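In this text, all values refer to a predicted model and were calculated from it rather than measured experimentally. What you see below is based on every heavy atom in this structure, not just the backbone, and it leaves out hydrogens, waters and symmetry mates.
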Protein chains: 2
Amino acid sequence: MKLSVSKRSEQIVLSEIRSMSIECDKVNGINLAQGVCDLEIHLLTLLRSKTVSFNKLFFYKKKSLFMLTFVGLGLYDEEDLTLKGLEAIRNADVIYAEFYTSPLGGKTIEAMERMYGKRIFVLERSDIEETAEGGILKLAKHQKVVLLSGGDAMIATTHLDLRLRAIDMGIETKIVHAPSISSAVAGLSGLQNYKFGKSITVSPAYKDVISEVPYETIIANRARGLHTLLYLDISMSIAEALKLLEAVEVNKNGNELKQTILVGIARAGSDNPVVKADYMNVLNSYEFGALPHVLIVPGNLHFMEKEALIKIAHAPEDM
Amino acid sequence: MKLSVSKRSEQIVLSEIRSMSIECDKVNGINLAQGVCDLEIHLLTLLRSKTVSFNKLFFYKKKSLFMLTFVGLGLYDEEDLTLKGLEAIRNADVIYAEFYTSPLGGKTIEAMERMYGKRIFVLERSDIEETAEGGILKLAKHQKVVLLSGGDAMIATTHLDLRLRAIDMGIETKIVHAPSISSAVAGLSGLQNYKFGKSITVSPAYKDVISEVPYETIIANRARGLHTLLYLDISMSIAEALKLLEAVEVNKNGNELKQTILVGIARAGSDNPVVKADYMNVLNSYEFGALPHVLIVPGNLHFMEKEALIKIAHAPEDM
């Protein structure tokens, strides 16, 4: 339904846009320029819609409402963000997303746009780490900008870095939290949350060199009886991670990992997560299905944790 | 709007209810009995509504759809659960909630009932830990039951225990994850998630004996350079927790905690969280406002974490 707009209303909107002093051609990157143009269209659409009121337009000028909000998308698909997250998206002027710090999982940009009712612009690493001052941060000085990312918000170092740069530029920042793999693994496996020690990421070998840090972290946690959550590189499977850990153990003449029940988890947060506990020689050929995967190396097990691994994660009963 | 119901339809619904073989007076506890009666009313309402179809009634018989779903409510208010969590509530027959493992925070039962469009029955600890087999678990054998709790789902031992008993009774269980304080503190403080060691709860003194375990956990984590997240007892403030920790340190002739920048966080997930970093002698009189509170004892700080504590948590610049 389209209503006609009076000349006077149109003028007010256009002067609002001018007062933001952003010009498309001055903004770096195609995505960002598109974002500004979209805002212009958005303002006019607002005005042409039945629900528009002048109060609604004035928020574009009120400085305290211009901010950068980090919204976590949660674990797996487009329904894993919170109601608060959805509200932040619906109230924002421009929505960005990045998927280089955590995987898309079971969602697509199209499914998110459909469900949230907003256009989403995907940023590359360089848009955030190199050219943000001329792009996303420049926009956030004048508009309500949301940055979406997988899992809980503001966990990756790259987000903290962006937040600190935003604060330096006088931009207000806000976080809308979401489910995180770091607490989900406890519920899914039955291993108690407070018994996890330091977590660590398993990365692919770099120039044939395999990092020993994940293995050493496991050993240090186990010395205190603690479980270790291993985040896997964004495209790494449980089988690949086990191969890297095993190579380090062989190299160190160790056998602790080989003799331990491990827990693999695939697609946490989805309707069909796979949680399987067994020894390395079983898990490395177990069919976990599609990514994302994570791996847990348990420390000392309480009897209820043992029962959980058998009943929930189908560990061998004589473990 | 009320439509008339045919005799035949009414008979079908009543036979459905009978086939569930649950009678109100056989169920322990007022809340649970109320739940069953409500279901009966719910079925009749369904039938009397414009949208009812016989397909919709038949799901009450399909065994695979009867299950116990643990839905996390997230951090603070009624908007902190996920879209998936809301869907689980709306599709459930009976909704229970417990608030003895984590606080209500900024929500009320009334606000949740209004937003989710369902009646919520609050369970006591004994309903879950003692009489569940005759109550919530008995219902979950025949209906879709949801158990709501604060934070992420299935983190408390009491939930794991209930889940294992459900599995023993052949009841399918499911988890709908939600934001957890354990990952939220990283985003809020700027301290990196993977640098947290084992977490621990600070409990009130019991018969004048203060547990030394939280203090020892801090020291063990710091020996590896790691941060410690201290969960506080459900009604404990940061000032009270500091008093307990300080008493242990004095008793042990230690001074590590006294000389360390600590981080207090109040009302994580709300619109006005307070995040303040300073030494113990400043924090113990700092006005954090309403509960819930948590406390972080940082380990070694990366330069970006230090910058974050100064810019986000207003730590002294010469820390």
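- B:Leu81 touches chain A through backbone and side chain together, each having a heavy atom under 4.5 Å away.
- Counting heavy-atom pairs closer than 4.5 Å to chain A, the top-ranked of the candidates B:Ile200, B:Val176, B:Leu188, B:Leu191 is B:Leu188.
- For A:Leu226, the part sitting under 4.5 Å from any heavy atom of chain B is the side chain, from C-beta outward, and nothing else.
- Scanning all heavy atoms of the two residues, the minimum distance from A:Ala308 to B:Leu160 falls at CB-CD1, 3.9 Å.
- Proximity to chain B (any heavy atom under 4.5 Å) is shown, for A:Ile181, by neither the backbone nor the side chain.
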At a 3.5 Å cut-off, give me the donor-acceptor pairs between chain B and chain A, one pair per line with the distance.
from, atom 1, to, atom 2, distance (Å)
B:Asp77, OD1, A:Lys84, NZ, 3.3
B:Asp77, OD2, A:Lys84, NZ, 3.1
B:Glu79, O, A:Leu83, N, 3.4
B:Glu79, O, A:Lys84, N, 3.0
B:Asp80, OD1, A:Lys84, NZ, 3.0
B:Asp80, OD2, A:Lys84, NZ, 3.3
B:Leu81, O, A:Leu83, N, 3.1
B:Leu83, N, A:Glu79, O, 3.4
B:Leu83, N, A:Leu81, O, 3.0
B:Lys84, N, A:Glu79, O, 3.0
B:Lys84, NZ, A:Asp77, OD1, 3.3
B:Lys84, NZ, A:Asp77, OD2, 3.0
B:Lys84, NZ, A:Asp80, OD1, 3.0
B:Lys84, NZ, A:Asp80, OD2, 3.3
B:Lys84, NZ, A:Gly269, O, 2.9
B:Asp152, OD2, A:Ser183, OG, 2.7
B:Asp152, OD2, A:Ala184, N, 3.4
B:Thr157, OG1, A:Gln192, OE1, 2.7
B:Arg163, NH1, A:Gly187, O, 3.0
B:Asp168, OD1, A:Lys311, NZ, 2.7
B:Asp168, OD2, A:Lys311, NZ, 3.1
B:Lys174, NZ, A:Asp271, OD1, 3.4
B:Ser183, OG, A:Asp152, OD2, 2.7
B:Ala184, N, A:Asp152, OD2, 3.4
B:Gly187, O, A:Arg163, NH1, 3.0
B:Gln192, OE1, A:Thr157, OG1, 2.7
B:Asn193, ND2, A:Tyr231, OH, 3.2
B:Tyr194, O, A:Lys198, NZ, 2.9
B:Lys198, NZ, A:Tyr194, O, 2.9
B:Asn221, OD1, A:Arg224, NH1, 3.0
B:Asn221, OD1, A:Arg224, NH2, 3.0
B:Arg224, NH1, A:Asn221, OD1, 3.0
B:Arg224, NH2, A:Asn221, OD1, 3.1
B:Tyr231, OH, A:Asn193, ND2, 3.3
B:Gly269, O, A:Lys84, NZ, 2.9
B:Asp271, OD1, A:Lys174, NZ, 3.3
B:Lys311, NZ, A:Asp168, OD1, 2.7
B:Lys311, NZ, A:Asp168, OD2, 3.1

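- Only the backbone of A:Ala153 comes within contact range of chain B, with at least one heavy atom under 4.5 Å from a heavy atom of that chain.
- Between chain A and the residues B:Pro273, B:Ala178, B:Gly197, B:Ala156, the most heavy-atom pairs under 4.5 angstrom are made by B:Ala178.
- With a 4.5 angstrom heavy-atom cutoff, A:Ile167 touches chain B only via side-chain atoms.
- In this structure the side chain of B:Met115 reaches within 4.5 angstrom of the side chain of A:Leu83, judged on heavy atoms.
- In terms of heavy-atom proximity, B:Ile155 sits nearest to A:Gly187 at CD1-N, 4.4 Å.
- For A:Ala268, no part lies near chain B; criterion is any non-hydrogen pair under 4.5 Å.
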